[in-house]
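Remarks on the structure that follows.
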Amino acid sequence: LRIIYEDFKHNRVHMNELVLIAVLAGACRGDFLTAGLIAFFMLIGLIIETKTAPGAKESLETIAKMTRLKARKIMGNGSENEVASSELCPGDMIIVRPGETIPADGIISKGNSSVQEANITGESIPVDKIENDPVFAGTINMSGVIEIKVSRVGVDTTIGKVRELIVAAEKTRPRFIRMVDQYARYFTPLVILVAFFTWAFTNHDMGRVVAVLVAACPIALVLSTPTAAVAALSAGARLGILIKNINDIEAMSEITTFIFDKTGTLTTGELEVNELAPVEGIESSELLAIASSIEQHSNHPVAISVCNLAKKVNIKTKETSQITEKPGRGVKGCVDAETVIAGNLLWLEENGISINGFPDFSKEKHSGMSMLFVVKNYQPVGWIALADKIRDDAKKCVEQIKKNGISEIAIVTGDRNGVAEKVAKQLEITSFYGECSPENKIEKIRLYKEQGHHTVFVGDGVNDAPALAVSDIGIAMGAAGSDIAVDTATIALLNNELDRLPFLMRLAVFYKSVMIQNFSLGALFIFCGVVAGIIGYLTAVPAAVFQFASAIAIVMNSARLVRAKN
């Protein structure tokens, strides 16, 4: 009665009124058993309606437990004091031992370990962490003892934001159900009119009237969209995909154009050695040994990549001395008492070295690459070309997006056109735009939209924030710990796995299909039940059981979304 009172108070008419009329009609006939059974089965249906997404509810409960952890706070005198995670403040130092859950976001200040981040990113493989690496609340420290400087606590942590997003997404109403709501207010008066004509043309047979009223209760229709929506949200969250609004899943099924940022999205953002070109009489291994020896004390990305390759192929570095480095130019020093210079063309000029003695290199082929020239005793040894590495799963991702029917895929990047063209060719992407500022990226996206395309922009969520905001769907890669990504993007991927994008597209199509199936099934249940009630084939109690069965069928159909696999 309270629910019905609230409905009338807010000028709403739902199935609750139909149930009340059906129960009263049964009671007026003196058939209290039927009235009680109707109320019982309809109550079960209402309970099912309020428990439509057990998977998502359990996930929220799990997340809530993760945010109510104990923490070992390191005090000023070095002692440990156990406190609630909610009492921590940014800047506090905590210690986390193997097997314990990390209670707050922060940076490792001491120690190293492997951390299980499946709760955040959806990845089952633990991630190795060292000093200065970020860690997130709710993740599990697997092996070593680590000390963490707290950066965020409570709802400000990544997992706290995850919980808020799931709750907010659950509350959003899909476009489809909003359209249905516009006509729902006419449903109950129509059913009452049908019941009246049934009573009038069946010699006042109240049994048929009650059956019609019970069969017309739209439990299945009410469940059709929320069950599918929350199941889809749960499927995405399981793989580290945060969907801020349920309508975004529906919109993903209408996308015609994918626009990618390059650096950090299609590429790793890390340089790798692409080519070794020693002068005649020098082996590639010797070139790499000299280069890695002189570069081993530098933190420049080029130096790090060269040294990583040397370690990978088991080339030992030599002793060095008198090392001097000029930022943005190169390094100079002694390797085995011989003068070695390594750097770019400007560095060679500053040291009076001619480019003529080096192997030829193509400006077209090596456009966009970082070139490291190596000199020993002022004589050329060779050069090393380095390029941003394309992600291993990038090509497969692009292929699967094309298979899903996307008509246009493009790259927009701040890198030079030559770099953009090279990456586009390797990934078989026909459209590419280099030297794009954030404003240029926005212009490209708007141009596509003006041409009638529904656009998705995929970026890293930091410097791509304006483009993420202006596109129809903005997807931020690797958004764990990034406030900008979570706040700006439409959808946030908490890891850098590109295979989540084709999965998201399949999930969108699957969700829309299940939602339509649910609605059609619910409408069919009502139509068949009402017709059977009018002609006398369905009585009141079986009609209530019929409603219960329809609710179970809708929930089970939606549950298929939760089991959707990548």
Side-chain angles (χ1 to χ4, degrees), residues 56-170 237-238 240 242 244 461-462 476 478-489 492-496:
K57 302 297 182 187
E58 289 171 10
S59 298
L60 289 173
E61 289 170 5
T62 302
I63 291 173
K65 290 177 183 177
M66 291 177 189
T67 58
R68 295 195 296 266
L69 299 170
K70 293 290 184 180
R72 288 191 178 91
K73 183 178 177 180
I74 302 174
M75 309 305 291
N77 58 6
S79 63
E80 298 176 19
N81 184 28
E82 189 173 276
V83 299
S85 61
S86 58
E87 296 177 18
L88 293 173
C89 298
D92 285 347
M93 296 296 298
I94 58 174
I95 186 168
V96 182
R97 294 186 169 84
E100 295 180 347
T101 301
I102 296 172
D105 286 8
I107 304 294
I108 296 177
S109 61
K110 184 178 179 181
N112 57 76
S113 182
S114 292
V115 178
Q116 176 58 269
E117 296 185 335
N119 292 328
I120 295 291
T121 65
E123 289 300 313
S124 59
I125 301 174
V127 180
D128 291 333
K129 298 283 186 176
I130 60 175
E131 289 184 12
N132 297 318
D133 279 350
V135 289
F136 308 113
T139 58
I140 301 171
N141 180 26
M142 302 295 290
S143 53
V145 178
I146 53 177
E147 292 183 9
I148 301 168
K149 184 176 182 180
V150 175
S151 59
R152 293 182 294 192
V153 296
V155 295
D156 293 328
T157 62
T158 296
I159 201 160
K161 289 182 179 294
V162 169
R163 186 178 190 276
E164 287 183 341
L165 287 177
I166 293 175
V167 171
E170 280 190 278
R238 177 168 47 85
L242 291 187
K244 296 168 72 172
V462 182
S482 171
D483 290 335
I484 296 176
V486 172
D487 293 340
T488 307
L493 307 187
L494 297 178
N495 51 52
N496 285 311

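A quick note: this is a predicted structure, and the numbers were derived from the prediction, not measured. Just so you know, these numbers use all the heavy atoms, side chains as well, and skip hydrogens, waters and symmetry mates.
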(message) Measuring from atom OG of Ser113 to atom CD1 of Ile146, what distance do you get when rounded to the nearest 0.5 angstrom?
(response) 5.5 Å

(message) Donor-acceptor check, side chain of Lys129 to backbone of Pro134, threshold 3.5 angstrom: yes or no?
(response) yes

(message) As an exercise, state the distance from CD1 of Ile74 to CE of Met93, rounded to the nearest 0.5 Å.
(response) 5.0 Å

(message) To the nearest 0.5 Å, what is the distance between CD1 on Ile140 and OG on Ser114?
(response) 12.5 Å

(request) List the atom of Lys149, the atom of Ser109, and the distance in Å for their closest heavy-atom pair. (result) N-OG, 4.4 Å

(message) Is any side-chain heavy atom of Arg97 closer than 4.5 Å to one of Arg72?
(response) yes

(message) Are the side chains of Ile95 and Glu80 in contact, using a 4.5 Å heavy-atom criterion?
(response) yes

(request) Measure the CG-CD1 distance between Asn132 and Ile107 for me, rounded to the nearest 0.5 Å. (result) 7.5 Å

(request) Mind listing the closest non-hydrogen atom pair of Ile94 and Pro103 along with its distance? (result) CD1-CG, 3.7 Å

(request) Among Val96, Ile102, Asp133, find the residue that satisfies the side-chain contact (heavy atoms from CB on, under 4.5 Å) test when tested with Val115. (result) Ile102

(request) Measure the CG-CG distance between Asp92 and Asn81 for me, rounded to the nearest 0.5 Å. (result) 11.0 Å

(message) Between Pro98 and Val145, is there a side-chain heavy-atom distance shorter than 4.5 Å?
(response) yes

(message) Let me confirm one number: the CD-NZ distance from Glu131 to Lys110, rounded to the nearest 0.5 Å.
(response) 8.5 Å

